[in-house]
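Just below is one structure, and these are the notes that go with it.
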Amino acid sequence: MKKALALVLAAVLICASVFCFASCGEKKEGAVEDNASKTEVKGTLHMATNAEFEPYEYIKNKKIVGIDPEIAQAICEKLGYELVIDDMKFDSIITAVKSGKADFGMAGMTVTDERKKSVDFTDSYTNTTQVIIVKEDSDIATKKDIKDKHLGVQLGTTGDGIASENSSSIERYNNGADAVLALTQGKIDAVIIDREPARKFVEQNEGLKILDDTFDGEEYAICVKKDSVLTDELNDAIQELTEDGTIAKIINKYIK
Ligand code: GLN
């Protein structure tokens, strides 16, 4: 009888420990799965931009919207990052990326050799040209005519570079809108700026036009801290989103 009781007890103990082992195991596996699904979001990426550059980045209903934020969001979703956008002056973006304050910069930013000394660039995701905005009745008809004119640009942009090669009389503004306002007020003779923002400014302000004569093509890309592994990750995503048509779709949504 005692023996039988001992056997039953032993069996109960064995069952209990097997059950515990199994369920503990399950729990552990479950926890691992939980972690795995959480690590899908690898962390947060801070994007430095200047949201004064419609249609690439601008503020609408208190939100930063545009081509770049949408492409950045698609890239982050693909790579498993959460995107946070930090708005700043265009001129501060490279410094923010260089210092690690931002993980990448995306702001209709043209790849230039000068900038490549400070940051790396991903592959290009789209392109542009610098154009000249003048008043409809301006005597400036081609790019030759901007020589020594009073030019307005956005500080630190490629347009600023072109203006500097052509004139010593330059007004540098923190954003394109201020430059265009000065043009409408007759304070400057022309504004040199990227094609699509120029089209928006001409749409939004009466009496302005864009000259047909434009400058050389430029490539837009994302800037990243030098030698960061993030550049390769971003490039993989850019390639996939180019191939599957996502990037073209986003651009076509904003540029008709
Ligand atoms: N594409 C120009 C540059 O990179 C202007 C960019 C901008 O003003 N956001 O300098």
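Everything numeric in this text was worked out from a predicted model, so none of it was measured. Remember, it's 1-based here, ligands and their atoms both numbered in the order they're listed.
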Ring-ring centroid check Phe53 Phe90, cutoff 6.0 Å = no
Can any side-chain N or O of Thr49 pair as donor or acceptor with the backbone N or O of Ala51 at less than 3.5 Å?
-> no
Residues in salt bridge (charged side-chain N to carboxylate O under 4.0 Å, His left out) contact with Glu203, at least two apart in sequence or another chain | Lys200
Check whether more than 12 heavy atoms from other residues, nucleotides or ligands sit under 6.0 Å from atom NZ of Lys116, and answer yes or no.
-> no
Residues in the immediate environment of ligand 1 (any heavy atom closer than 4.0 angstrom) | Phe53, Phe90, Ala107, Gly108, Met109, Thr110, Arg115, Gln154, Thr157, Thr158, Asp194, Tyr220
Worked check of side-chain contact (heavy atoms from CB on, under 4.5 Å) between Thr110 and Tyr220 | CA-CA 5 Å; Thr110 305; Tyr220 283 167; 3.8 Å; yes
More than 12 heavy atoms of other residues, nucleotides or ligands under 6.0 Å from NZ of Lys89: is that the case?
-> no
